[in-house]
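Following: one structure in structure tokens, then a few remarks.
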There are 2 protein chains.
Amino acid sequence: MTDPIPFQRDQSQADRALLGIRDMVLRGEFKTGERLPELVLVDLLGVSRTPIRAALQKLAEEGILEAAQPAGYVVRGFSEAEIADAIEVRGTLEALAARMAAERGLRRPQLEAMADCLDQLDELLAEAVPGSDYLSQYSQLNGRFHQLMVESSGSEIVVRALARAAALPFAGHNAFVSIQGRIPGSLEILKAAQRQHREILEAIEARSSARVEPLVKEHARIAHKNLQLVLKNAEAMKNLPGSLLIRRRP
Amino acid sequence: MTDPIPFQRDQSQADRALLGIRDMVLRGEFKTGERLPELVLVDLLGVSRTPIRAALQKLAEEGILEAAQPAGYVVRGFSEAEIADAIEVRGTLEALAARMAAERGLRRPQLEAMADCLDQLDELLAEAVPGSDYLSQYSQLNGRFHQLMVESSGSEIVVRALARAAALPFAGHNAFVSIQGRIPGSLEILKAAQRQHREILEAIEARSSARVEPLVKEHARIAHKNLQLVLKNAEAMKNLPGSLLIRRRP
DNA sequence: TGAATACAGTATGTATACATTTTTTCAATT
DNA sequence: AATTGAAAAAATGTATACATACTGTATTCA
């Protein structure tokens, strides 16, 4: 009698390649603009060229690499303006999702799941002591709320579009959470975000599509504020994963 | 002395695979939900598995295929609601692009290029005789206008997001042009679209971001109207590329 | 008859050999 | 010293062999 449910499939070489390359790029082990020769990656990861190639293609789709001419891939750098645009795109699509959720109306279980998520966030933020490691839990709950909100649009097309927009570095909803605690007033930022969460949920519950749209857009712009704070703070930059992909001036 | 500018690079096997598979899928040579075994494609296209695999991965990103469990790819079908959502996403992102264009303001050459494009469209529609093949020219000019509008956002991030959203079948700006002429009042639809083009350009020129956003969203919804017309018209369906991917009742 | 299992066939995952293209190096010539 | 050219090195494109996992069928046993 073997396990009827395969718990965790043996990680494939393709997964290893994808995770490994992404990790190396975000750690800054290749400079922006630098080529990623397949054979070098083969040596570094102990995986053959085939899964490496698949991973490179995926990471180019994801946005952290770009296809080079006439062939190959290079690490992509992001200007501050590009990051701001990526955040704006994410906010725009989240606003669309929330508007659709408000228009169609949600069932009680969905609303309760979101409310429960916000209750847990309230509790977490109330007890939060600067220095304790509440951040990973915050990330998780924050991510869950956003996920629930987007899925409540009921549209897989929108979910997909958003997943791709949020895959860009620094564009996701948790992109700047890791640097909270390194900048002054960071807990206050999280609390303000949480107040917006409440307002968003209220608007969806009230089926007020006209209200929810600007609320969600404004919520996403917190990320933009955080970006500007980080750029002024060398210490915080060190704690921002992938910060080496940010180029100050080109 | 060889040509300094390579005119048209020899089409690679990867290109052949990508174009070939996309074409077969849109022609309906595989039913929705049907698997696309790599070896079958190897036989059909005369290309080895390596470029086939790359193409399958790209087409899954593009949206017309989806990864199957536990492996492989199947043809993806689209419900009417999903197509409507894809159009809405496209319209939302185009509206964002236009708003950004209006906010930053355009240089004269950009405005002139767009105006020139609209002049040509006016001329084309004025002389358009039902039955003549003005449609391919319309597609081209319409595509160019949209391209110019989106690029005038000045944001490569937005351009990329839009390209991906518009890659879904029936979501692009020219998705329903091919069926014009098969449905009553089709020329009038194109003329109405052109009037919206003029208003959009005026709003961008006037840097009225508040006006341009709803204008562009509404413009995209023409595609939604066309979708509903097509679904009621069996004759028009035959002329819609990829129509076999639409499932009436999933 | 029904269920379980073994097995063949077929699918994709992975590695790698070979082909082609691109880049680099270095020497020869002006 | 600069430039050109050819040869070498290295990179990616492509094909394919082999490994592994899945699927369906037939056979065997209860």
Side-chain angles (χ1 to χ4, degrees), chain A residues 1-22 24-25 29-61 64-76, chain B residues 1-22 24-25 29-61 64-76:
Chain A
M1 209 198 295
T2 57
D3 293 322
I5 298 164
F7 286 101
Q8 183 73 12
R9 177 166 248 135
D10 222 299
Q11 192 178 252
S12 66
Q13 299 295 72
D15 291 339
R16 243 190 293 283
L18 183 65
L19 297 174
I21 298 172
R22 189 194 285 126
M24 288 194 297
V25 169
E29 295 184 23
F30 296 91
K31 296 173 198 149
T32 62
E34 188 178 349
R35 287 184 83 97
L36 301 181
E38 294 174 7
L39 291 176
V40 171
L41 298 172
V42 166
D43 280 350
L44 288 171
L45 296 169
V47 159
S48 81
R49 282 180 61 205
T50 306
I52 296 277
R53 281 175 72 84
L56 290 173
Q57 195 179 318
K58 274 195 188 175
L59 291 170
E61 250 321 309
I64 68 174
L65 302 183
E66 64 186 334
Q69 289 310 338
Y73 294 92
V74 299
V75 176
R76 172 157 181 180
Chain B
M1 208 200 297
T2 57
D3 292 321
I5 299 164
F7 285 101
Q8 183 72 15
R9 177 164 249 136
D10 223 299
Q11 191 179 252
S12 66
Q13 300 294 73
D15 291 339
R16 243 190 293 283
L18 183 65
L19 297 174
I21 298 172
R22 188 195 285 127
M24 288 195 295
V25 169
E29 295 183 24
F30 296 91
K31 296 173 198 152
T32 62
E34 188 179 347
R35 288 183 82 97
L36 301 182
E38 293 173 7
L39 291 176
V40 171
L41 298 172
V42 165
D43 280 351
L44 288 172
L45 295 169
V47 160
S48 80
R49 282 180 61 207
T50 307
I52 295 276
R53 282 175 70 84
L56 289 173
Q57 194 180 319
K58 273 195 187 173
L59 291 170
E61 252 319 310
I64 68 174
L65 302 183
E66 63 187 335
Q69 288 310 335
Y73 294 93
V74 299
V75 176
R76 170 155 183 183

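Numbered from 1 within each chain, the chains take letters A, B, ... in sequence-line order.
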[X] [atom1] - [N] [atom2] separation (whole Å):
| X | N | atom1 | atom2 | answer |
| --- | --- | --- | --- | --- |
| A/Asp43 | D/dA11 | CG | C1' | 14 Å |
| A/Arg16 | C/dA15 | CZ | P | 9 Å |
| A/Gln13 | D/dA21 | CD | P | 12 Å |
| B/Gln69 | D/dC22 | CD | P | 11 Å |
| B/Tyr73 | C/dG13 | OH | C1' | 12 Å |
| B/Glu38 | D/dA21 | CD | P | 17 Å |
| B/Leu45 | D/dA15 | CG | P | 11 Å |
| B/Leu39 | C/dG9 | CG | P | 16 Å |

task = Look at B/Arg35 and C/dT10 and indicate whether a side-chain polar atom (N or O) is within less than 4.0 Å of OP1 or OP2.
result = no

query = Distance check: side-chain N/O of B/Thr50 vs OP1/OP2 of D/dT14, anything under 4.0 Å?
reply =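 No, B/Thr50 has no side-chain N/O under 4.0 Å of OP1/OP2 on D/dT14.
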
task = Please figure out whether A/Ser48 or B/Ala71 has its closest DNA chain C nucleotide nearer the 5' end.
result = B/Ala71

key: Side chain to side chain, B/Glu29 and B/Leu44, heavy atoms closer than 4.5 Å   =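 No, every pair of side-chain atoms sits at 4.5 Å or beyond.
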
message = Measuring only between side-chain heavy atoms, which start at C-beta, is B/Val74 closer than 4.5 Å to B/Leu36?
response = no

request  = Kindly say whether, by distance alone, the side chain of A/Arg49 makes a donor-acceptor pair under 3.5 Å with the base of D/dG13?
outcome  = yes

task = Measure from the side-chain N and O atoms of A/Gln13 to the backbone N and O of A/Ser48, and report whether any donor-acceptor pair falls under 3.5 Å.
result = no

query = About how many Å separate CD of A/Glu38 and CG of A/Leu56, when rounded to the nearest 0.5 Å?
reply = 6.0 Å

inquiry  = To the nearest 0.5 Å, what is the distance between CZ on A/Arg76 and CD1 on A/Ile64?
reply    =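 These two atoms lie 11.0 Å from each other.
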
ask   = Which part of the nucleic acid, if any, lies within contact of B/Leu36, taking any heavy atom under 4.0 Å across all strands shown: a base, the sugar-phosphate backbone alone, or nothing?
value = sugar-phosphate

key: Nucleotide of C/dT22, C/dT14, D/dT12 approaching B/Arg53 most closely (side-chain heavy atoms)   =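 Closest of the options to the side chain of B/Arg53: C/dT14.
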
query = A/Pro37 side chain: which of C/dG13, D/dC22, D/dA11 is closest?
reply =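 The listed nucleotide nearest to A/Pro37's side chain is D/dA11.
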
